[in-house]
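Both backbone and side-chain heavy atoms feed into the values below; hydrogens, waters and symmetry mates do not. We count residues from 1, following the sequence as given.
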Amino acid sequence: MEEIRSSQPSETTQEAQPLVRAALRLDGALIRRMYGGFLTCGAILAAVGGLLLVVWIALSVTGSDAFAFFTGDAQLWVFAVFLVCGLVMAIAVARMRREADKHVRTNLYQFFAEEFVVTTLMEDREIGSSRLRYADCKKIREKKQLFYLTFLSAGVFAVDKKQLTQEECACLRSLFGLSAKKS
């Protein structure tokens with residue numbers, strides 16, 4: 001997550017009560033939730049690439065042409081690329097999880113009619129606060145567990161839907177300009 005610029009809330013946010021409040025702990029468990037599919041894909045790629053490499057080596061030693069769908073040693077390189085890509089994906093997610101667990105932060109969100117305020121805490125100490133307008137958002141996506149708000153200048157903010165009521169989720173969808181969720 002990028003460092004958050006410190007800013008003072010506008011007068012309208014200081015006077016008005018937030019429509020929705022939310023908090024999100026930025027730790028290894030969140031990374032696992034966000035990148036779980038990436039980790040699974042990496043593990044599958046590594047396992048398939050490793051298995052195919054072992055089979056290719058075994059068949060090469062016996063002189064079999066079972067993998068003769070590429071010429072020369074091209075299949076060796078293809079299988080090695082699968083293995084390496086899978087390992088890189090798995091290692092990257094594991095490293096992100098370790099780093100997130102070293103420096104656990106918490107984002108506190110206050111959603112207003114036209115903007116939201118995010119305050120980042122580390123060990124109960126405020127390290128930054130930003131006020132962002134929904135209109136400045138490049139992309140807003142809703143996934144099964146999280147809303148993702150993407151800004152060019154401030155990065156990506158995730159909002160955990162599990163801790164929100166259905167009414168709060170509906171309110172956020174309305175604020176974000178998303179269509180109503182089909183039940």
Side-chain angles (χ1 to χ4, degrees), residues 1-7 9 18 20-57 76-111 115-134 136-165 168-169 172-173 176 178 181:
M1 191 118 221
E2 291 185 16
E3 187 175 321
I4 299 173
R5 293 175 284 126
S6 196
S7 67
V20 177
R21 291 178 192 261
L24 182 65
R25 185 176 162 94
L26 308 172
D27 60 3
L30 176 65
I31 299 296
R32 184 173 186 93
R33 283 174 54 199
M34 291 174 68
Y35 296 103
F38 194 69
L39 182 61
T40 303
C41 181
I44 290 170
L45 267 176
V48 168
L51 178 67
L52 289 173
L53 274 174
V54 168
V55 170
W56 183 85
I57 291 169
L76 171 68
W77 292 107
V78 170
F79 301 154
V81 166
F82 279 19
L83 176 65
V84 170
C85 286
L87 288 174
V88 167
M89 291 167 69
I91 290 169
V93 172
R95 185 171 287 169
M96 286 172 28
R97 287 179 61 198
R98 272 194 315 273
E99 282 299 311
D101 281 335
K102 277 185 196 176
H103 308 287
V104 176
R105 296 176 180 169
T106 302
N107 277 353
L108 302 176
Y109 296 98
Q110 296 179 35
F111 295 96
E115 61 189 17
F116 72 98
V117 176
V118 59
T119 304
T120 302
L121 307 174
M122 180 186 278
E123 300 173 0
D124 297 328
R125 188 181 85 245
E126 183 177 326
I127 60 172
S129 183
S130 291
R131 180 180 43 88
L132 299 161
R133 296 177 48 81
Y134 306 123
D136 297 334
C137 190
K138 177 184 172 200
K139 185 175 186 179
I140 299 176
R141 293 183 323 190
E142 179 180 5
K143 296 293 184 177
K144 184 177 181 178
Q145 297 179 2
L146 301 162
F147 287 107
Y148 293 98
L149 292 85
T150 305
F151 292 85
L152 291 176
S153 62
V156 177
F157 294 96
V159 180
D160 192 357
K161 292 170 43 178
K162 289 190 336 186
Q163 63 175 263
L164 301 173
T165 65
E168 289 172 328
C169 284
L172 288 179
R173 281 186 204 98
F176 299 157
L178 298 173
K181 187 176 178 184

Just verifying a value: how many Å separate [X] [atom1] and [Y] [atom2], rounded to the nearest 0.5 Å?
| X | Y | atom1 | atom2 | result |
| --- | --- | --- | --- | --- |
| T106 | L24 | OG1 | CG | 8.0 Å |
| F157 | S130 | CZ | OG | 5.5 Å |
| I31 | L26 | CD1 | CG | 8.0 Å |
| T150 | I140 | OG1 | CD1 | 8.5 Å |
| L52 | L83 | CG | CG | 10.0 Å |
| E142 | L178 | CD | CG | 6.0 Å |

N/O donor-acceptor pair under 3.5 Å between Q163 side chain and A23 backbone: yes
Backbone of V20 reached by a side-chain donor or acceptor of Y109 within 3.5 Å: no
pair [X]-[Y]: side-chain heavy atoms closer than 4.5 Å:
| X | Y | result |
| --- | --- | --- |
| N107 | R105 | no |
| L132 | C137 | no |
| L30 | R25 | no |
| R33 | K162 | yes |
| E99 | K102 | yes |

Y148, OH: over 12 other non-hydrogen atoms inside 6.0 angstrom: yes
Side chain to side chain contact (heavy atoms under 4.5 Å, CB included) between L108 and Q110, worked out: CA-CA 7 Å; L108 302 176; Q110 296 179 35; over 6 Å; no
Please give me the minimum heavy-atom distance between [X] and [Y], naming the atom from each residue.
| X | Y | result |
| --- | --- | --- |
| L39 | R32 | CD2-NH1, 3.8 Å |
| G49 | F82 | CA-CB, 3.7 Å |
| L164 | R21 | CD2-O, 3.9 Å |
| Q145 | D160 | O-OD1, 3.4 Å |
| L45 | G86 | CB-CA, 3.7 Å |
| F116 | L149 | CE2-CD2, 3.7 Å |

Y134 and F111 aromatic ring geometry - parallel, tilted or perpendicular at 30°/60° bounds: parallel
Cationic tip of K161 above F147 ring, under 6.0 Å, 45° of axis: yes
